[in-house]
Structures are given as C-alpha cells and as structure tokens.
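The residues of the chain are indexed from 1 along the displayed sequence.
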Amino acid sequence: RQVAPARLAEVALYYGEASGGDFALAEERARWEALGARVFLARGDLAEGEAGWRHVQDAFDEDAPALEGARVLLSGAPIMMRLVSEALLARGVPPEALLTNV
C-alpha cells in the first residue's frame, strides 16, 4: 500500500546497522526523504569524531520528535528495542502504540 506524500512529512525513520555497508532500502529511503520523511542512520562502526550516531536511540534523542498520537514500529536487537521502548513510554507514548517485529 502506498503512503500519501503528505503523510511522509509526519514520518521519521531511525535505522541502525553494524556498518555503513549493511543498510537496506537505499532507493526507498531516498524517495521517502525526497517526500519529506526524516531518516536517521546509526552505524555501529562510526569512527570517533565522525558525524552521525552509533545508536538509534541517540538519533532519536537528538531529533526529539513530537510524539502526540505517534505510532511506533520497533524492530531489531532486543537491547535497542528495550531502551527505545522505555524512552518512548517515559515520554508518554502509550504501550498500545508500540508495535514490535522481532
């Protein structure tokens, strides 16, 4: 199902991989960004002093998105999902708004 471009301006993707070469969906991510989605890529191999984020939760904290009415899909390493879930719950996102894919 296609997402209307106007709705993509309300979307943020916080996506992490172990290294820069591991990221998937490059063409899709570029298209989403062109339509207004905010995309944050976190890399575990980020060198000291290099711009970016090592962890998705760091990108999320820096972005500090508005969360009223948010729906969140979490997928990935259990530790990341736990830390991000805790941060979202602490910021008022109700548990039923957190969807997981493991």
Mind checking whether [X] and [Y] have side chains closer than 4.5 Å, heavy atoms only?
X   : Y   : result
M80 : H55 : no
R29 : L13 : yes
Y14 : D63 : yes

Fill in: Atom pair CG (L83) and CG (L74), whose distance is rounded to the nearest 0.5 Å
11.0 Å
Practice prompt. Kindly compute the distance separating CZ (R71) from CD (E96), expressed to the nearest 0.5 Å.
Written response: 7.5 Å
Practice prompt. Kindly state whether the ring of F40 and the ring of F60 have centres lying under 6.0 angstrom apart.
Written response: no
Minimum heavy-atom separation for [X] to [Y], with atom names?
X   : Y   : value
A97 : A70 : CB-O, 3.4 Å
D45 : S19 : OD2-CB, 3.1 Å
V56 : Y15 : CG1-C, 3.6 Å

Worksheet item: S75 side chain to N101 main-chain N or O, any donor-acceptor pair under 3.5 Å?
Response: yes
Donor-acceptor pairs are to be reported for all side-chain atoms of residues 84-91 against protein atoms at under 3.5 Å, with residues two or more places apart or in another chain.
unit_1, atom_1, unit_2, atom_2, d
S85, OG, M81, O, 2.7
E86, OE2, R82, NH1, 3.0
R91, NH2, D61, OD1, 2.9

Discussion item. Show, in sequence, the C-alpha distance, side-chain angles and deciding distance for W53 and L41, and conclude whether the side chain to side chain contact (heavy atoms under 4.5 Å, CB included) test is met.
Written reply: CA-CA 7 Å; W53 305 274; L41 302 179; 6.0 Å; no
Fill in: Derivation of the salt bridge (charged side-chain N to carboxylate O under 4.0 Å, His left out) call for R43 and E50
CA-CA 11 Å; R43 296 181 16 224; E50 189 177 358; 3.1 Å; yes
Discussion item. If you count heavy atoms of other groups shown closer than 6.0 angstrom to CD of E27, is the number above 12?
Written reply: no
